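First comes the structure, then the notes that go with it.
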There are 2 protein chains.
Amino acid sequence: MEQETHLSESRPASPGTLRPGGRTAKVRGAVLDATRDALADSGFHALNMDRIAASAGVGKTTVYRRWGSPVGLVTDLLHDMAEQSLPAADTGGLAGDLRANAELVRDTLTDPRMGAVFHAVIAAAACDEECARALAGFYRTRLAEWAPVVTRGVARGEIPEGTDPVELLRAVSAPLYYRFAVTHEELTADVAERAAAAALAAARAGVFPTP
Amino acid sequence: MEQETHLSESRPASPGTLRPGGRTAKVRGAVLDATRDALADSGFHALNMDRIAASAGVGKTTVYRRWGSPVGLVTDLLHDMAEQSLPAADTGGLAGDLRANAELVRDTLTDPRMGAVFHAVIAAAACDEECARALAGFYRTRLAEWAPVVTRGVARGEIPEGTDPVELLRAVSAPLYYRFAVTHEELTADVAERAAAAALAAARAGVFPTP
DNA sequence: ATCTTAACGGAACTTGCTTCCCATTAAGGA
DNA sequence: TCCTTAATGGGAAGCAAGTTCCGTTAAGAT
């Protein structure tokens with residue numbers, strides 16, 4: 001998406017980087033909103049540059065020039081999502097915090113609009129290397145935000161010293177995403193509850209040591 | 001002598017169902033092999049009906065008629081995979097059996113050919129409802145095959161009475177698939193080991209009761 | 001306020017996926 | 001074995017997707 005700046009090169013940088021204000025930002029907002037809508041309505045397979053341009057009220061040339069393909073749209077949507085961070089819970093106990101995390105993941109994935117976006121993101125990441133990197137980056141930052149929850153738990157003596165925070169948080173998310181992306185089972189409150197409880201039990205047993 | 005009885009309808013059944021032997025089976029085999037190859041080489045987004053027909057040595061009309069779309073090809077590939085069942089391990093202990101299961105999943109997903117197929121299947125399931133059902137069915141049978149491993153563990157007293165076998169097995173698979181499909185992290189032997197250990201610890205803590 | 005040019009938008013153009021048609025081949029039953 | 005017709009295969013036509021051209025608009029600098 002970005003290209004090296006060469007002194008001798010006359011090719012301009014990718015559109016949107018030199019004049020990111022005003023109109024450019026407006027266009028991006030409209031296109032990403034249209035993309036979210038389209039994904040919620042008809043899913044990733046029906047994502048169509050032409051229709052996105054029409055429903056965003058921008059020229060389709062612009063959409064092709066700046067995003068290139070449906071996968072490019074989803075990748076940028078992912079970058080947009082990575083910028084908005086929501087704070088981690090602090091219920092006073094690790095069990096409660098992990099439950100809150102599992103509930104947050106569940107709420108996100110079961111929300112029709114968000115769920116569709118995540119289905120699309122996962123599908124796009126399976127097709128495109130750059131989108132996969134963007135997705136990995138998204139979760140790296142998301143999990144890092146919640147890491148303090150685990151370190152506080154260690155400090156309180158709720159789980160063993162030397163527990164890897166990110167590894168524990170991955171264990172909370174994994175069952176939810178497994179059902180969401182692989183087996184397409186319903187994500188009940190029960191499933192989230194068990195995900196948090198199972199991860200905590202494993203952490204207590206010392207299964208997640210720092211490497 | 002008689003075909004499907006249509007009282008008012010003249011449309012024949014879908015191709016391949018009335019004469020499934022000989023040539024029809026041969027065509028299906030060639031097309032599914034070509035699909036596997038194409039997925040391993042260039043991934044799901046590059047899956048192209050025309051090219052599949054060419055490399056399978058069959059008419060492209062046939063591919064369109066019988067499978068309809070890339071998603072249809074992947075869905076049929078999934079049905080094909082569901083038919084071949086591999087037996088569960090029996091190491092004499094639940095910990096060993098779960099480790100074996102985790103290793104099996106890891107080996108499957110890290111195999112370049114199989115891994116590409118699973119990436120495609122997950123992407124296709126995110127786009128298509130029927131493919132999602134086929135994928136869910138695939139795992140239902142796969143996990144059912146391994147359920148005896150858990151019931152033996154319960155009988156040996158390694159985990160509490162009333163542990164849900166499938167729920168425990170899902171817990172073993174989840175971290176591996178989460179990394180594979182969502183965060184696209186490398187699946188090391190270590191990850192498989194931890195997945196089995198974490199699931200076992202959670203089961204011992206009684207986190208997976210039958211509903 | 002004025003200027004330069006980054007970025008946008010409409011429309012024509014091109015590509016390639018998909019379907020239709022009909023001749024050919026062979027599966028399954030008598 | 002022969003017969004019926006399910007299923008396949010090649011090519012041409014149809015259509016929607018993606019691409020390019022070039023004039024217009026407005027962001028950011030002076």
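Order of the sequence lines fixes the chain letters, A, B, ..., with proteins taken first and strands second; residue numbering starts at 1 for each chain. All values derive from a computational prediction rather than experimental measurement.
Atom CH2 of A:Trp67 is separated from atom C1' of C:dA7 by 11 Å (rounded to the nearest Å). Look at NZ on B:Lys26: it is 8 Å from P on C:dA27, rounded to the nearest Å. In this structure, B:Arg66 atom CZ and D:dA6 atom C1' are separated by 11 Å, rounded to whole Å.
Looking at A:Arg66 and A:Asp76, no side-chain N of the basic residue comes within less than 4.0 Å of a carboxylate O on the acidic one, giving no salt bridge. Salt bridge absent: B:Asp164 and A:Arg194 never bring a charged side-chain N and a carboxylate O closer than 4.0 Å.
When side chains are defined from C-beta on, B:Phe44 does not count as touching B:Ile122, because their heavy atoms never get closer than 4.5 Å.
Heavy atoms from other residues, nucleotides or ligands lying under 6.0 Å from CD of A:Glu83 number more than 12. Within 6.0 Å of atom CD in B:Glu130, 12 or fewer heavy atoms from other residues, nucleotides or ligands are found, so the atom counts as exposed in its surroundings.
With hydrogens and angles disregarded, no donor-acceptor distance shorter than 3.5 Å links the side chain of A:Arg36 to the backbone of A:Arg113.
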ask   = How does each nucleotide of nucleotides 15-25 of chain D score, in 5' to 3' order, for protein heavy atoms under 4.0 Å: base (B), sugar-phosphate only (S), or none (-)?
value = --SBBBB---B
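For D:dA7, the OP1/OP2 oxygens have no side-chain nitrogen or oxygen of B:Thr24 closer than 4.0 Å.
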